[in-house]
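Values below: every heavy atom of this structure, side chains too, minus hydrogens, waters and symmetry copies. All figures in this text were calculated on a predicted structure; none of them were measured in a lab. Chain letters run A, B, ... following the sequence lines, proteins first and then strands; every chain starts at 1.
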Protein chains: 2
Amino acid sequence: MPAERRSHPVTLADVARRAGVSQSTASRVLNGSERTVGGELAQRVLAAADELRYSANVQAQAVARGTTTNLALLVSDIATDYFSSMTAAVMSAAELAGLRVTIAITERRLEREIELVRDLRGQHARAIVLAESGTRSREGVERLQDELEGYEAAGGKVVVVSRTTMPFDFVDLDNFGGARRLAVALTRLGYKRFHVLGGDEGLVTTRERIEGFRDGLAERGLELPDSAITFSDFSWEGAFGAVGALDDAVLSNTQALFALNDEMALGAIAGLRNRGMRVPDDIALAGFDDIRTLRNVVPGLTTVRVPTAQVGRAVVELIAGGAQSPTTVPATVVIRESTPRLN
Amino acid sequence: MPAERRSHPVTLADVARRAGVSQSTASRVLNGSERTVGGELAQRVLAAADELRYSANVQAQAVARGTTTNLALLVSDIATDYFSSMTAAVMSAAELAGLRVTIAITERRLEREIELVRDLRGQHARAIVLAESGTRSREGVERLQDELEGYEAAGGKVVVVSRTTMPFDFVDLDNFGGARRLAVALTRLGYKRFHVLGGDEGLVTTRERIEGFRDGLAERGLELPDSAITFSDFSWEGAFGAVGALDDAVLSNTQALFALNDEMALGAIAGLRNRGMRVPDDIALAGFDDIRTLRNVVPGLTTVRVPTAQVGRAVVELIAGGAQSPTTVPATVVIRESTPRLN
DNA sequence: TTGAAAGCGCTAACAT
DNA sequence: ATGTTAGCGCTTTCAA
């Protein structure tokens with residue numbers, strides 16, 4: 001029966017004492033990668049640890065070892081389908097690699113990002129994963145990059161989700177190819193006149209998806225003039241507002257709308273409904289990402305699926321598996337009822 | 001210009017040396033709650049820290065202090081509207097209190113939960129917040145509770161979101177009252193014959209929402225027989241399946257369906273559609289939670305709003321603000337088009 | 001194989 | 001007010 005101890009945390013020393021061995025031995029048994037195993041002393045240690053309900057003090061280990069097994073995930077937001085699913089994906093992949101994940105929400109604020117990165121350096125996080133969607137000024141990028149380089153110099157690893165101009169490893173989503181194939185698919189269904197609801201202008205993702213779409217149209221002999229693009233930002237509200245502000249003339253001359261992500265597409269549906277237009281009866285609509293909530297949307301939304309689970313795995317591979325950057329993750333077109341064949 | 005140093009982490013000692021003061025002084029300036037402020041030495045230290053881009057090693061601090069400022073949030077799942085919004089709420093409230101949040105996903109697996117709690121004890125997490133929705137056997141509850149009590153004995157604090165039979169502080173969501181008021185509101189709209197789509201049987205939340213609903217009906221002279229409840233679990237798929245398996249007779253005799261959460265309500269809509277029934281034309285429907293994605297649903301879903309932001313604040317208050325347990329968070333009925341007035 | 005001892009970066013008495 | 005000196009719990013040389 002538990003006789004003496006105060007309920008204070010059980011330390012390695014306690015275990016060692018109880019097992020009648022030295023602390024180093026206990027340490028070796030309990031953690032030190034099985035090296036120089038203690039024949040049957042090991043059993044004693046294990047038993048003692050179990051009886052005492054020992055649980056290693058991770059912070060102390062980190063201090064002694066000089067490294068942690070923590071991965072920090074920086075997202076701009078978490079109450080969003082896309083990011084929460086990305087988060088889940090990274091977490092589950094990380095766990096398999098024995099990495100713990102800390103999530104930090106940047107709220108798209110640069111100062112906050114920089115501060116976070118600096119903190120993370122202090123925390124000896126093993127890696128920082130940037131999966132954001134905010135726009136940054138040139139000067140902002142520089143400052144952030146500077147801080148991140150400081151972090152890498154201190155031994156950390158930075159991985160960016162989505163192509164980046166910063167000198168870090170990244171997982172490349174096939175935004176260009178996905179959008180390109182979507183354009184081709186839509187034209188094959190008979191669509192000829194498009195309007196694009198753009199996300200944050202200046203963001204790589206925005207650019208790639210637009211360029212890809214344009215390229216696909218070009219392949220089919222069609223053009224996408226700049227006037228056929230309305231920028232807002234990658235949010236439901238953004239698209240809702242953009243659609244609300246669209247010219248009647250423009251709208252009635254458009255056969256299909258391409259929202260640069262699903263969240264926007266859903267906002268667009270609401271915005272259109274507000275103007276008395278229905279999808280696809282009055283206008284067709286396609287999105288990008290294939291977020292989970294699409295299963296609740298009727299009629300089904302045509303989109304380009306980004307396999308977040310794969311992205312998560314790719315990220316972790318880059319960190320722990322020694323994979324080469326960039327890794328490219330495919331994007332596949334999914335045609336649903338929001339873009340019926342035009343006759 | 002940065003002349004000498006290797007790019008190894010800058011330590012407090014480095015800063016102290018550079019500022020020409022002792023390490024303790026540096027420590028006091030940089031962290032030690034402003035006590036015994038160093039007149040203008042402080043400036044030197046601050047400057048040195050800045051030049052060297054010093055960032056405190058949090059793990060070392062934790063070891064030395066014996067406590068951390070980490071809060072661990074245990075959720076069963078994160079790729080779900082309800083949990084991601086709860087997560088966001090807790091994180092934002094925690095940040096205000098200077099707490100860092102680590103998210104752990106339990107996948108509703110008991111063994112995993114227990115292991116996590118043990119780890120968290122080793123990590124000296126300051127608090128563990130349980131915001132889950134899994135069912136547990138009596139023996140499971142005992143083992144988990146045991147581990148959690150060990151954690152509290154070691155100095156941690158446990159807070160449960162939702163009423164619990166375990167001896168820990170909790171934030172009480174007004175499930176009973178919300179459901180009760182919903183029942184009253186629906187009967188006032190003319191509904192008399194209901195069917196309930198229950199979540200995980202045996203879960204407190206399930207029980208409370210059903211009891212509340214029943215109570216509300218009773219108040220209006222109506223009954224809810226057990227035969228009018230179909231249990232599945234708190235998921236889209238669960239409700240989808242349950243609706244699919246419902247008797248035609250039952251369905252045609254039901255005027256309104258009450259799904260115990262919105263996720264289920266959305267699954268029910270899909271299930272009903274599958275059977276050729278539409279909401280609210282063929283049957284009315286109400287949910288619970290008021291998750292974000294409801295804005296994408298047409299017709300709007302009647303539901304009971306759970307203010308997650310408030311829950312988040314309440315949780316943190318319990319941890320850092322010395323609030324009394326339990327704190328009760330209200331739930332308010334929101335009537336939308338899925339339950340039109342019956343005439 | 002096992003143990004003794006030094007040290008990881010930091011804080012907190014305890015002097016001064 | 002500032003510096004000295006022990007630790008915090010753990011890992012890891014280095015001897016034995």
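Taking atom CD of residue A:E40 and atom C1' of nucleotide C:dT1, one finds them 12 Å apart after rounding to whole Å. Atom CG in A:L41 sits roughly 12 Å away from atom P in C:dT1 (whole-Å rounding). With rounding to whole Å, B:L30 atom CG is found 14 Å from C:dA12 atom P.
Of the listed residues (A:V311, A:T205, A:V204), just one forms a side chain to side chain contact (heavy atoms under 4.5 Å, CB included) with A:L173, and that residue is A:V311.
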Please write out the pairs of protein N or O atoms and N or O atoms of nucleotides 10-14 of chain D separated by less than 3.5 Å, giving the distance to one decimal.
from, atom 1, to, atom 2, distance (Å)
D:dC10, OP1, A:Y54, OH, 2.6
D:dC10, OP1, A:N57, N, 3.2
D:dC10, OP2, A:L12, N, 2.3
D:dT11, OP1, A:N31, ND2, 3.1
D:dT11, OP1, A:Q61, OE1, 2.8
D:dT11, OP2, A:S27, OG, 2.7
D:dT11, OP2, A:N31, ND2, 3.0

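Under the 4.0 Å criterion applied to side-chain N and carboxylate O atoms, A:E139 and A:R143 are assigned as salt-bridge partners. A salt bridge between B:R109 and B:E107 is present, with a side-chain N of the basic residue lying under 4.0 Å from a carboxylate O of the acidic one.
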Requested in this report: Show your working on salt bridge (Lys or Arg N to Asp or Glu O under 4.0 Å) between B:E132 and B:R108 and close with a plain yes or no.
Outcome: CA-CA 8 Å; B:E132 310 185 67; B:R108 299 162 200 259; over 6 Å; no
Query - A:K157/A:E152 under salt bridge (Lys or Arg N to Asp or Glu O under 4.0 Å): CA gap, chis, key distance, verdict - result: CA-CA 6 Å; A:K157 173 151 191 89; A:E152 284 210 325; 5.2 Å; no
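Taking five base pairs at each end of the helix from C:dT1-D:dA16 to C:dT16-D:dA1 and finding the rotation axis that steps the C1' atoms of four pairs onto the next four gives two axes whose angle is 40°, to the nearest 10°.
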Which atom pairs, donor and acceptor, lie under 3.5 Å between side-chain atoms of residues 113-130 of chain A and protein residues at least two apart or in another chain?
from, atom 1, to, atom 2, distance (Å)
A:E113, OE1, A:R136, NH1, 3.1
A:E113, OE2, A:R136, NH1, 2.8
A:R118, NE, A:E147, OE2, 3.4
A:D119, OD2, B:R100, NH2, 2.4
A:R121, NH1, B:R53, O, 3.0
A:R121, NH2, B:R53, O, 3.1
A:H124, ND1, A:G66, O, 3.3
A:H124, NE2, B:N57, ND2, 3.3

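Side-chain N/O atoms of B:S85 and B:T308 include a donor and acceptor closer than 3.5 Å. For B:T25 and B:S22, the side-chain atoms include at least one donor-acceptor pair closer than 3.5 Å.
Between A:Q59 and B:S22, the residue anchored nearer the 5' end of DNA chain D, judged by the nucleotide with its closest heavy atom, is B:S22.
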